[in-house]
Structure formats: C-alpha cells, structure tokens
Amino acid sequence: MENNLLLKVEELNVEYLLTDYKVDAVKNVSFYVRKGECVALVGESGSGKSTVAMAIMGLLPPYAKISAKEILFDGKDILKADEKFMSEIRGRDVTVIFQDPISYLNPIISVGEQISEALKAHNPKISDKEAQAQAIELLKKVRIADPERVLKMYPFQLSGGMAQRVFIAMAISANPKLLIADEPTTALDLTIQAQILKLLNNLRKEYNLSIILITHDLSLTSYLADRIYVMYNGQIVEEDAAEGIFTNPVHPYTKMLITSSQAIYQGEVKKLKDKIASLTEKEENSKVGQRCNFLGKCKNSAQECEKEPPLIEYDGLKKVRCWKL
Amino acid sequence: MRQTIFSIQDLKKYYLVKTGLFKKAYIKAVDGVNFLIKEGETYCVVGESGSGKTTVTKMLLGLEQPTEGKIEFLGKDLTKILSNGGNAKDFRKNVQAVFQDPFSSLNPRKTVKDILEKPFKVHNAKIEMDTIERLLEEVGLIPPKEFLNRYSHQLSGGQRQRVCIARALALKPKVVILDEPTAALDVTIKAQILNLLIDLKEKYNLTYIIISHELPLLKSIADKISVMYAGKVVEEGPAERIFNEPKHPYTLGLLESIPPPDPKSAKTKTLPTLEGEPPSPVNPPKGCRFHPRCQYRFDLCDKIEPDRIEIGSEHYVLCHLFNRK
Ligand SMILES: Nc1ncnc2c1ncn2[C@@H]1O[C@H](COP(=O)(O)OP(=O)(O)OP(=O)(O)O)[C@@H](O)[C@H]1O
Ligand SMILES: Nc1ncnc2c1ncn2[C@@H]1O[C@H](COP(=O)(O)OP(=O)(O)OP(=O)(O)O)[C@@H](O)[C@H]1O
Ligand code: SF4
Ligand SMILES: [Mg+2]
Ligand SMILES: [Mg+2]
C-alpha cells in the first residue's frame, strides 16, 4: 500500500432491502484518498454519494446490506472492525459534516455543550473553561457573529446556515485525519461559502487533513478538489484529476453536468429543458443492471451498450465507464 | 394593474434570548423591511446567512407573530385572516411553502404517498388515481412507484427536497414560498425543477417568493430581487438591474463571490471573500449596518443610518453613497 494513502475503498456495494424490493444504492465503487488530499464525489441526486459516506462511517441502517473487498483506513480494514473500534475512530479520526445538520444536532442541548462534547471526544482531559474558549474560537472560524451568545442558543434558534456552520465547527474541532463533508455549504450564502472553503483549504495545508467532498456543485470542487469521481446511478462513471474533469470531460453524463452548470451560471436554464427532459426519464431499476446505466439518455449509444461497460482507463490519465471512447 | 398579493410594511421580528445567567437580549432578526409582491411575480430574497430571510417567510405564513409592522394579503390584514377559521383555511390552501430544511418538515412516520395525499384530504379535494404519481414524475422522482411507499429517511437529500416541492405544488396554490428550494439538488435536477416552476407559473399565473443564495440560478427566474443584510433589505429592484447594475456595496460583494464553473480561473484565482466580522443581530453596527466591512464607507456611515433611496424605477438602495442631498 502506498504509504501516504489514508483511505482505500475497494469494490463497495450497498443495497437497501425494503419490504417490497431493494435499492441498489452503491454498485462496485472503488476509490482512494491520500493524506492531505481532497477528493470529490459529485453526481446526480440519488446516485449514492451519501450512502458511500455512511458506509465508511459504519452508520448505515440495519436493513442495508454492505459488502466490499476492503475498506482500509490508515492501514486497518474497518469493514471487519468491531463497533467499539468504529465508535473510537468516529468523531476523532474521521468526522463528517452531515447533509442534514439540523437532524444530527441534539435539539435539547445548547450549541456550547454540543461543541464541548465534540472537543472532549478528542481530548477527554480538557477543562470546561478551556472547552468554552476553544468553542468560541471555532465559531469565529466559521464566521458566526457573537459566538459567546450563540453558545447558549439551541438548534431551533439558529438559522439554516448557522446550524450548518455549527456542525462544521464540531466536525473540525477534533482535528480529524479525514473529514467527510456531505454538501457542506448548501445553506450558506456565497460570501460565507467562500470563507468556509478557504478554512477547509487551510486545514488541509496546516494539518494535512484529508477531505472527501460530496457535492452536486461543480464550482465548489474547482476550488478544493484534487481529484473528482463522478457518480451516476450508484456507479462511478468517470474519475480524473479535477482539471481533467473540467477541461476534458469524456463520459456523456459528465459532459451534461458541465454544460448544465454553465447554463445555470449564465442564467439560461430554459435552454436546458429538452436535454434535461430526456435525462430524467428514468427506467425502472429492474430493467437496468445488465446494460449501461446511461443507455436511454445517451446520444452516442451503440450495440455494445446493451452490456454493462467496465470502468476503463482512458488516455492514461482518467477512467471512464463507457464503450464509445 | 396587477393585483398586490403581499404588502409588507416596516416589518420587525425581535426574539428574546438568554445571554447569561440573568441577562437577556433581543435578537433583531428582522428589523424594518418592506416588500410589495405582485401577482404572477417571482420575487426573490437573497442575503447573508442569518440576515432574517426565513424569519420573514415564517411571518408571511403566520407561523411567527411580527413584533411590529403590518402584513396584508390581498389587501386584508393577515392577523384578521388567520383569526377566522374559514379564511385561514383558504389562506393555507392558497399559500403553500417549501421549508428550508426538508428533513424535519416531512413526518418520519408517513410514507411519500401519505405525505402527498394529505393536502388533498385536508382540503377535501379529489385525488385522481394518478395524481400523486404525476406529481412525483414532475419533480423527477421516476419511476414513482419506487418512491410511493418509502419513508422520508429512506430517500436521499435531494429526493426529500423534491417531495416537499411536490407537496407544495399539489393543490395548485396561488402563492408558493420556497426557502432554498434547490439547495440539495444537482444541476440537472435543479434545471428541471426551475423549468417546472416556470411552466406552472405560465400556466396558472402563480406567484413565487423564493429565498435562495444561489444567485446564478436566480438569473433564470427572478423578476424582482431583495438583498438582505443584518435584518434589513439593503437593495431591492428588478432582477436585471440587480445583476447588471448592482449598487449597494454588499450586493457587489455578493455578486463577486459567485464561483465560476470552470476551474482554470478558480484554482489560480483567490476566492474573493468579504473581510471583516459578520454583524451581530443583537448589537448591529451603528449607522449603516454594513459599514465595518464596507470599502466605500465615509464619515457619515458609522453615525447615521441610511434611508431607503429610490435610484431608478422600482430600484431602491439603503446606502449613503446614493444620497444626493
Ligand atoms: N435508508 C434508505 N432506505 C432505502 N433507500 C435509501 C435509503 N437511503 C438512501 N436510499 C436510496 O439510495 C439511493 C442513494 O441515496 P443517497 O442518499 O446515497 O444519494 P445521494 O447521492 O447522496 O443523493 P443526494 O444528492 O440527493 O443527497 C437513492 O435512490 C435513495 O433513494
Ligand atoms: N426561534 C428563534 N429564537 C431566537 N432566535 C432566532 C429564532 N429563529 C431565528 N433566530 C435568529 O434570527 C436571525 C435570523 O434567522 P433566519 O433564520 O431568519 O436567517 P436566514 O436569513 O434565513 O439565514 P440562513 O440563510 O442561514 O437560513 C438569526 O440570528 C437567528 O439566530
Ligand atoms: S452607507 Fe456607507 S458604509 Fe453603508 S454601504 Fe453605503 S458606503 Fe458603505
Ligand atoms: Mg446525499
Ligand atoms: Mg433561512
């Protein structure tokens, strides 16, 4: 194993077994994160990004079936680890900014106590006074006004963006090795978003923090990510250095993502109408599986697309899941 | 003349919170704002996180009592409407909302089908066989059958948000208030939802009040934009004026922070950030609330609060720079 590797996920599969059928949320996903690296998972809504995060954290619901060749974190296979080990690394070595911070904040505990708890998970000897001082520093870092006052507030008294920033503060408080940031700035205005991105970037430089950035917003990845994995319907369809994804998108879905982002940026959403209509006509899950997941929405499709394409190296740099290269 | 849907005058909301053992203080969440929202308009509110946007919508929906000021709906006082059972029910049918936090606004014990049938049941409206499925299709939850029997925690973030949107549109209301409606959606779904909103508006002459920090996206849909900062509307005007001729220094800062969707400029460029402390809602800066962070400020700015100045047709700004007296 490359010795600056922090996380390696090999052939991860997750199914949610519901009463009447199952959801294949993650299919054969492999990726890795080096120390100090930021890797982005981007992709459509429902493509399995949060499920990947939950699988790494060991937080999937009991009716989810997970399998993988291995999930190595810092050299240890966490797939085989017991719950005791997992609860030790959670909140200390690996932290996560959940997509829905409000539902992970305890409604009856003040912001200050929640941050103190997070700090104590990392450093049990810390005194209350010291914890309070550090909590204030953290809230300042995430640009919250009047940190002393906000420590005494309860989650329902926070605005959406404040709750998200309190969560970010908690996630970085432990000085983790790996931060999984699931849509970390969706509730923030653009000026604060820019400051949070800067903060994350500084932590990376200062503490060699590794980040998995989960986002649907390509512009975020362009500031932070070194490498990008594009997901579609539970699979990785393209992976490359961030530059490569933007300058030379190859998979038809990646291309679509980039043109849509540009159209939105330019205020030309109406022009996307027909393109999008075809894209959102999903087939029943049961019908997919044997063939390319993107077939039906793809302009380039050919005979071989009836079989599922593997993730193939392309150009020596990137990997793409498409027959027509 | 188009009908006025909401007329809001000098609206304020102060929250009393504890700041110490015996100390209390008022959070000035909304501190004197005016809006005039006309039928068929897409009225957008942008602004800092914590500037009071959600609080305004809560008052419009009658979920919070204003501390001061007046809200009129179709020319009638909102408190009067809400104090009469029948009128209140009509109001609730005609004014629908998508809340900022899709996670906590869906009942975890109800399936998607229950959630979407409820508005019809409450208002004794007929549910056609395929009404619910069509609603799901419109928001891109396809095939609908796979979603009908799921609980909200069995959906991805973006899927939940779309269930909320479908619920709000179910009864074809007159007015829809959407608080960060597309924050959790990837670009292609975003475009689809926006186009759906545009279509419905053209068909049924709906009025939208949209709160969003995704400025680029508003280019495609907004008619009017209000920019909030620290409980005040600092600039208001027709969307094209806000984008092309922004006047208030905070609006300028906000527009500059829009990240471009291409990484070439991104990685090399430093992120523009608004420097300085975020404003305290308890003790907002004296004079102009933006002055500590404003690069154009001059001697008046930290002493006198600027008035609302009309600087063009329907274009207002709260800044001393534009006071020609
Ligand atoms: N607890 C669950 N039970 C059943 N299905 C689930 C559950 N959680 C997620 N799913 C399904 O698994 C798929 C992947 O969901 P996931 O939350 O990982 O998507 P995502 O990529 O994070 O999407 P988003 O960008 O919308 O958050 C979706 O189709 C979703 O409906
Ligand atoms: N119930 C409450 N009790 C006390 N303070 C509150 C309450 N609700 C909101 N606030 C405060 O009012 C201010 C404005 O909050 P609001 O939710 O309206 O902001 P917002 O503009 O919607 O921000 P965001 O973009 O982050 O959602 C914040 O300082 C918040 O802490
Ligand atoms: S009033 Fe003064 S401080 Fe406020 S925005 Fe205008 S120039 Fe800046
Ligand atoms: Mg997700
Ligand atoms: Mg809000």
Side-chain angles (χ1 to χ4, degrees), chain A residues 16 18 20-21 43-46 50 99-100 102-103 143-146 149 152-153 157 159-162 183 186-195 197-198 216 218-220 222-223 242-243 246 256-258 260-270 272-273 276 279-282 284-285, chain B residues 15 17-19 25 46-50 54 100-101 103-104 140 142-143 146 149-150 154 156-159 162 180 183-192 194-195 198 213 215-217 219-221 253-254 257-264 266-267 271-274 277-282:
Chain A
Y16 292 105
L18 304 179
D20 35 359
Y21 65 98
E44 65 160 8
S45 169
S50 300
Q99 192 173 6
D100 53 338
I102 294 246
S103 46
R143 316 290 306 170
I144 284 189
D146 301 349
R149 172 179 57 79
K152 298 197 182 65
M153 291 175 84
Q157 298 175 314
S159 78
M162 285 164 77
E183 306 284 6
T186 45
L188 304 179
D189 63 87
L190 293 172
T191 61
I192 293 183
Q193 169 172 306
Q195 280 154 341
L197 291 179
K198 258 192 184 164
H216 57 264
L218 278 175
S219 52
L220 277 192
S222 60
Y223 283 106
E243 305 276 317
F246 285 97
M256 167 104 235
L257 262 184
I258 294 197
S260 312
S261 306
Q262 276 155 358
I264 287 187
Y265 183 69
Q266 276 140 16
E268 293 171 342
V269 157
K270 277 193 186 159
L272 287 173
K273 209 165 167 180
I276 306 284
L279 189 77
T280 45
E281 268 163 38
K282 270 234 178 84
E284 309 246 350
N285 255 342
Chain B
Y15 288 106
V17 290
K18 262 200 177 138
T19 54
V46 304
E48 276 245 296
S49 169
T54 298
Q100 186 171 11
D101 178 23
F103 299 88
S104 44
I142 300 168
E146 285 189 8
N149 295 322
R150 285 206 219 166
Q154 298 176 328
S156 81
Q159 290 167 344
R162 284 178 276 164
E180 305 286 3
L185 304 177
D186 63 280
V187 279
T188 52
I189 306 283
K190 250 196 243 293
Q192 188 192 0
L194 292 182
N195 281 318
I198 295 170
H213 58 266
L215 278 167
L217 193 147
K219 274 190 205 165
S220 301
I221 49 166
L254 208 54
S257 319
I258 297 179
D262 99 86
K264 266 174 286 167
K267 267 271 161 71
L271 266 171
T273 50
L274 208 54
E277 291 297 303
S280 156
V282 172

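Below, all heavy atoms of this structure are taken into account, side chains as well, without hydrogens, waters or symmetry copies. This structure is a prediction, so every number in the text was calculated from the model and none was measured. The chains referred to below are lettered A, B, ... by the order of the sequence lines, with proteins before strands, and numbering in each begins at 1.
With a threshold of 4.5 angstrom between heavy atoms, Val46(B) does not approach chain A through any atom at all. Interface remark: Leu18(A) contributes side-chain atoms only to the contact with chain B (heavy atom separation under 4.5 Å). Residue contact with chain A, scored on non-hydrogen atoms closer than 4.5 Å, involves the side chain of Gln100(B) exclusively. Contact annotation for Leu217(B): both backbone and side-chain heavy atoms come within less than 4.5 Å of a heavy atom of chain A. Neither the backbone nor the side chain of Thr54(B) has a heavy atom closer than 4.5 Å to any heavy atom of chain A. Proximity to chain B (any heavy atom under 4.5 Å) is restricted, for Ile144(A), to the backbone atoms N, CA, C and O. Thr186(A) touches chain B through backbone and side chain together, each having a heavy atom under 4.5 Å away. Within the 4.5 angstrom heavy-atom criterion, only side-chain atoms of Ser103(A), from C-beta onward, approach chain B.
Proximity of a side-chain donor or acceptor of His213(B) to a complementary backbone N or O of Leu190(A) within less than 3.5 Å is not detected. A donor-acceptor pair is defined here as one N or O able to donate and one able to accept, closer than 3.5 Å; such a pair exists between the side chain of Asp186(B) and the backbone of Ser45(A). Under the 3.5 Å distance criterion, the side-chain polar atoms of Lys219(B) are left unmatched by any main-chain donor or acceptor of Ile264(A).
Shown here are the salt bridge (charged side-chain N to carboxylate O under 4.0 Å, His left out) partners of Asp146(A), two or more places apart in sequence or in another chain: Arg149(A). By the side-chain contact (heavy atoms from CB on, under 4.5 Å) test, Ser220(B) is found to be paired with Val269(A), residues two or more places apart in sequence or in another chain being considered.
Across all their heavy atoms, Val187(B) and Ser261(A) have their closest contact at CG1-OG, 3.8 Å.
Annotation: side chain of His216(A) is not in contact with side chain of Leu185(B) (no heavy-atom distance under 4.5 Å).
Counting heavy-atom pairs under 4.5 Å between each of Pro278(B), Ala25(B), Ser156(B), Gly157(B) and chain A puts Pro278(B) at the top. Options Arg143(A), Met153(A), Gln157(A) differ in how many heavy-atom pairs under 4.5 Å they form with chain B, and the most are formed by Arg143(A). Between chain A and the options Glu180(B), Glu48(B), Lys18(B), the largest number of non-hydrogen pairs under 4.5 Å is found for Glu48(B).
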**Report entry** Residues Asn149(B), Asp20(A); criterion side-chain contact (heavy atoms from CB on, under 4.5 Å); working and verdict
**Finding:** CA-CA 9 Å; Asn149(B) 295 322; Asp20(A) 35 359; 3.7 Å; yes
